[in-house]
Amino acid sequence: QVPLVESGGGSVQAGGSLRLSCAASGYIYNTDCMGWFRQAPGKEREGVATIEADGTTNYADSVKGRFTVSKDNTKNTLYLQMNNLNPEDTAMYYCAAEWHRGRCSGDSMRIDAYNYWGQGTQVTVSS
């Protein structure tokens, strides 16, 4: 199992920015999909942003225009740039990856498509 380690979370005021990182101990150039998911207290985990093997990116409607997902294969790291944060973005953010070809491409916001998950990093946005 390839560990995924998230970092970059923290507390910010509304309107602020954070950049999350997800470092993998193995290669990520050959992933089928990688993505960011979040879970707020009392709510189900939801997809935030994903990137597929062909470079296709997907975003939840609530973050479109504010968040950007990217990855650096040379650093084996996935990123999530989050701008104009609001209190509704407060949650634990998880990185996920899947290497099995065809498992998640085309439907990468589906949580059960991923076999590898990080431990999460907390993002708190105050008003």
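Atom set for the values below is all heavy atoms of this structure, side chains included, hydrogens, waters and symmetry mates excluded.
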Next item on the list: Kindly give the heavy-atom pair with the smallest separation between T50 and S108, and that separation in Å.
Entry: OG1-OG, 2.6 Å
Next item on the list: Mark yes or no for whether E6, through its side chain, and C22, through its backbone, hold a donor-acceptor pair below 3.5 Å.
Entry: no
Next item on the list: Could you grab the distance from atom CZ of R45 to atom CZ of R38, nearest 0.5 Å is fine?
Entry: 13.0 Å
Next item on the list: State whether the side chain of Q122 and the backbone N or O of G9 hold a donor-acceptor pair below 3.5 Å, judged by distance alone.
Entry: no
Check: Hey, does the side chain of R103 reach the backbone of A113 with a donor-acceptor pair shorter than 3.5 angstrom?
Finding: yes
Check: Can you get from M109 to Y79 by hopping between Ile, Leu, Val, Met, Phe, Trp and Tyr side chains that sit under 4.5 Å apart?
Finding: no
Margin query: Go through it in stages, so that I can follow the logic: the residues are M82 and V123, the test is side chain to side chain contact (heavy atoms under 4.5 Å, CB included), and I'd like the CA-CA distance, side-chain angles, deciding distance and then a yes or no.
Written below: CA-CA 10 Å; M82 305 186 295; V123 172; 3.8 Å; yes
Note to self: Between V69 and M34, does the side chain to side chain contact (heavy atoms under 4.5 Å, CB included) criterion hold? Intermediate values first, please.
What the structure shows: CA-CA 9 Å; V69 63; M34 292 190 76; over 6 Å; no
Next item on the list: For the residue pair T77 and D72, confirm or rule out a side-chain donor-acceptor distance under 3.5 Å.
Entry: no
Note to self: Any side-chain to backbone donor/acceptor pair from N83 onto S17? Under 3.5 Å, distance only.
What the structure shows: no
Notebook entry, point to check: Taking all atoms of both residues into account, what is the closest heavy-atom pair of E52 and G106, and its distance?
Noted result: OE1-N, 3.0 Å
Checklist line | ring-ring contact (aromatic ring centres under 6.0 Å, His included) contacts touching residues 48-70 (sequence neighbours left out) | finding: none
Check: Are any side-chain N or O atoms of E98 and backbone N or O atoms of N115, one a donor and one an acceptor, separated by less than 3.5 Å?
Finding: yes
Notebook entry, point to check: G47 and F37: which non-hydrogen atoms are nearest, and at how many Å?
Noted result: CA-CD2, 3.3 Å
Notebook entry, point to check: Which residue, L80, L78, L20, T121, forms the side-chain contact (heavy atoms from CB on, under 4.5 Å) with C95?
Noted result: L78
Item checked: Close side-chain approach of R66 to D89, heavy-atom, < 4.5 Å -> yes
Notebook entry, point to check: Closest heavy-atom contact between P87 and A14?
Noted result: CD-CB, 4.2 Å
Checklist line | W99 (side chain) donor-acceptor with I28 (main chain) under 3.5 angstrom | finding: no
Item checked: M92 side, atom CE; T124 side, atom OG1 - distance, nearest 0.5 Å -> 8.5 Å
Check: Looking only at heavy atoms, which two atoms of Y29 and K71 are closest? And how far apart?
Finding: O-NZ, 4.4 Å
Notebook entry, point to check: Where the side chain of S105 meets the backbone of G102, is there a donor-acceptor pair that is under 3.5 Å apart?
Noted result: no
Margin query: Using only atom types and a distance under 3.5 Å, with no angle test, would you say the side chain of D32 pairs donor to acceptor with the backbone of C104?
Written below: yes
Next item on the list: Output the distance between atom OG1 (T57) and atom NZ (K64), rounded to the nearest 0.5 Å.
Entry: 10.0 Å
Next item on the list: Evaluate the side-chain proximity of T31 to Y114: yes if any heavy-atom separation is below 4.5 Å, no if none is.
Entry: no
Note to self: Checking L4 against W117 for the side chain to side chain contact (heavy atoms under 4.5 Å, CB included) test, could you report, in this order, the C-alpha distance in whole Å, the side-chain angles of both residues, the deciding distance, and whether it holds?
What the structure shows: CA-CA 6 Å; L4 301 170; W117 292 83; 5.6 Å; no
